[in-house]
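As the structure is a prediction and not an experimental result, all values here were calculated from the model.
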Amino acid sequence: DELDKAGKIVRIHGGAQSMSYSINQELSHSEKQELQIEEKRKIVQLASTYINNGDTIFLGPGTTIELLAPVGHREGLLAAVTNGADAIYVGGAAFGARKEAAFTNEELIEVIKFSHLHNVKVYVTVNTTIFDQELEALKEYIHFLYLNDVDAIIVQDIGVAHLVKQMYPDFELHFSTQMTLHNTKGVEFAKQFGADRVVVARENTLEEIKAMKQAVDIDLEVFVHGALCVCYSGQCLMSSMIGARSGNRGACAQTCRLPYELVDLSSGETLDSNVGDFLLSPKDLKTIDEIGELIEAGVTSFKIEGRL
C-alpha cells in the first residue's frame, strides 16, 4: 500500500478507485453483491491502521477507535473476527431490524462465547418499534441478553430504552441510527437519557459530526460503508407502503435499492437517466479516504453495514 506525505492511503491493492462504493451500473445484481462483499473485507482489513504525520495508530481490541462489523450468519462471524473487527453487531430472532439475518437464542450464546474468546465485543440489535402486547416477551429477551454478557444493546424505540434502564441500569445502551439523531440537541438528549453511544444519521456531514462531539461528551458511531439512505435515517416508510413490509418492524424489502424508470406523468415518456437505473440509490457510502478526518472529529466507532 502506498501513502502520501500526509500519511493518508492513496492506493490500496491496485488503486483507490477499487475501493469506491459507487457500484458500476453495468454489473449484474450478483456481481454487485460479490463486489460489495469484497469491499467489506478490504475495509475490515485496511481500516485497522491509520497513519498520520508519521505516527501509526493501530486500531485493535481495547483501543480508542473501534471497527464494528456486521454479522448475519456464521460465515460473517468468522470473517469479522478473523479479519480484525473489534466488535460485531447481530440480531436475534425477535425485535431486530433485519429479520432475515437473525440468530436464535442458542445461536446467540455461541456467537457471544466465540467473540469474547477472541476479545471481540457483541452488540445486539433490539431496534424495532414495539407494541404493548410485546412488552413481556421483550422483558424476557432483555433479561436473556444481559445474563449472557452481551456488551451493549442497540435500540430505536424510546420506550425500549426506558425499559432497559429500568431493568438493568448498567446495561450499555446504544441509540440506533433509526432514532434520527442528526443534530447536537438530539445527541444531548441521548446523553441526558442515559445512552452510552449514538449511531449518527447517515446523512450527517463531517462538520456536523464534529460539532456533535464538541457539544456532547458521548461515544459516536458512524457508518463507513454501506447504503446511503434516500430518506432521513429511521423515517422511511417506502417498503411498508409498497409491499406491506415495514422497515421499523424488521422487514424492510430495500425497495430503494431496486432499478426504476423515470417517467414523465404528463406525456408517459420514459426519461433518460445520467445515474443509471438505480435512481433512488445511485451511490453508496465511501469513507476510506476520510478515515483520518473521522478520527480527528472524535468518532468512536467505524460501522460497516451489511448483515444481510
Exercise. Say whether, by atom type as modelled, one donor and one acceptor occur between the side chain of Lys213 and the main chain of Val299 under 3.5 angstrom.
Key: no
Quiz item: What distance do Phe175 atom CZ and Ile158 atom CD1 have between them, rounded to the nearest 0.5 Å?
Solution: 4.0 Å
Exercise. Identify the two heavy atoms, one from Val222 and one from Val200, that lie closest to each other, and give their separation to 0.1 Å.
Key: CG2-CG2, 3.6 Å
Quiz item: Are Leu135 and Asp132 close enough that some pair of their side-chain heavy atoms sits under 4.5 Å apart?
Solution: yes
Exercise. Go through the side-chain N and O atoms of Tyr146 and Asp170 and say whether any donor and acceptor fall under 3.5 Å apart.
Key: yes
Quiz item: Do other residues, nucleotides or ligands put more than 12 heavy atoms under 6.0 Å from the CD atom of Glu261?
Solution: no
Exercise. Could you walk me through whether Leu145 and Val126 pass the side-chain contact (heavy atoms from CB on, under 4.5 Å) test, one step at a time?
Key: CA-CA 10 Å; Leu145 297 178; Val126 186; 4.0 Å; yes
Quiz item: Side chain of Asn204, backbone of His182: donor and acceptor closer than 3.5 Å?
Solution: yes
Quiz prompt | From Arg197 atom CZ to Glu172 atom CD, the distance as rounded to the nearest 0.5 Å | solution = 6.5 Å
Exercise. Show the numbers, then the answer: is there a side-chain contact (heavy atoms from CB on, under 4.5 Å) between Ile295 and Phe302?
Key: CA-CA 9 Å; Ile295 292 174; Phe302 294 158; 3.6 Å; yes
Quiz item: According to the interplanar angle, ranging from 0 to 90°, do the rings of His162 and Phe193 count as parallel (below 30°), tilted (30 to 60°) or perpendicular (above 60°)?
Solution: perpendicular
Quiz prompt | Donor-acceptor contact below 3.5 Å, side chain Thr287 vs main chain Glu290 | solution = no
Quiz item: Can you name the closest pair of heavy atoms from Ala87 and Tyr123 and give their distance?
Solution: CB-CE1, 3.8 Å
Quiz item: Is there a side-chain contact between Val216 and Phe189 (heavy atoms, below 4.5 Å)?
Solution: no
Exercise. Working to the nearest 0.5 Å, report the span between CD1 of Ile153 and OH of Tyr141.
Key: 7.5 Å
Quiz prompt | Minimal non-hydrogen separation, Gly92 against Ala102, with atom names | solution = O-CB, 3.1 Å
Practice problem: Evaluate whether atom NZ of Lys121 has more than 12 neighbouring non-hydrogen atoms of other residues, nucleotides or ligands under 6.0 angstrom away. | Solution: no
Practice problem: Could you tell me whether Glu188 and Lys191 make a salt bridge, using a distance below 4.0 angstrom between a side-chain N and a carboxylate O? | Solution: no
Exercise. State, yes or no, whether a side-chain contact exists between Phe114 and Leu78 at a heavy-atom distance under 4.5 Å.
Key: yes
Quiz item: Just how far is it from atom CG of Asn148 to atom CG of Leu108, taken to the nearest 0.5 Å?
Solution: 8.5 Å
Practice problem: Locate the shortest heavy-atom distance separating Glu66 from Ser301; write the atom from each residue and the value. | Solution: OE1-OG, 2.8 Å
Self-check item: Leu271-Tyr260 co-clustered via ILVMFWY side chain contacts under 4.5 Å
Solution: yes
Exercise. Find the distance between CD1 (Ile209) and CG (Leu294) and round it off to the nearest 0.5 Å.
Key: 6.0 Å
Self-check item: Donor-acceptor pair between Asp151 and His116 side chains, under 3.5 angstrom
Solution: yes
Quiz prompt | Non-hydrogen atoms of Val122 and Ser115 that approach each other most closely | solution = CG2-CB, 3.5 Å
Quiz item: Is there a donor-acceptor pair under 3.5 Å between the side chain of Asn127 and the backbone N or O of Gln156?
Solution: no
Exercise. Kindly say whether Val90 contributes a backbone atom to a donor-acceptor pair with the side chain of Thr125 at under 3.5 angstrom?
Key: yes
Quiz item: Rounded to the nearest 0.5 Å, how far does OH of Tyr89 lie from CD1 of Ile304?
Solution: 8.0 Å
Self-check item: Minimal non-hydrogen separation, Phe103 against His73, with atom names
Solution: CZ-N, 3.6 Å
Practice problem: Quickly, which of Val198, Val187, Ile218, Leu181 forms a side-chain contact (heavy atoms from CB on, under 4.5 Å) with Met212? Name it, please. | Solution: Val187
Quiz item: Would Phe144 and Ile109 count as a side-chain contact (heavy atoms from CB on, under 4.5 Å) if you check the C-alpha gap in whole Å, the side-chain angles of each, and the deciding distance to 0.1 Å?
Solution: CA-CA 10 Å; Phe144 162 78; Ile109 291 173; 3.9 Å; yes
Practice problem: Please examine the side chains of Lys210 and Glu207, heavy atoms only from C-beta on, and report whether any two atoms are closer than 4.5 Å. | Solution: yes
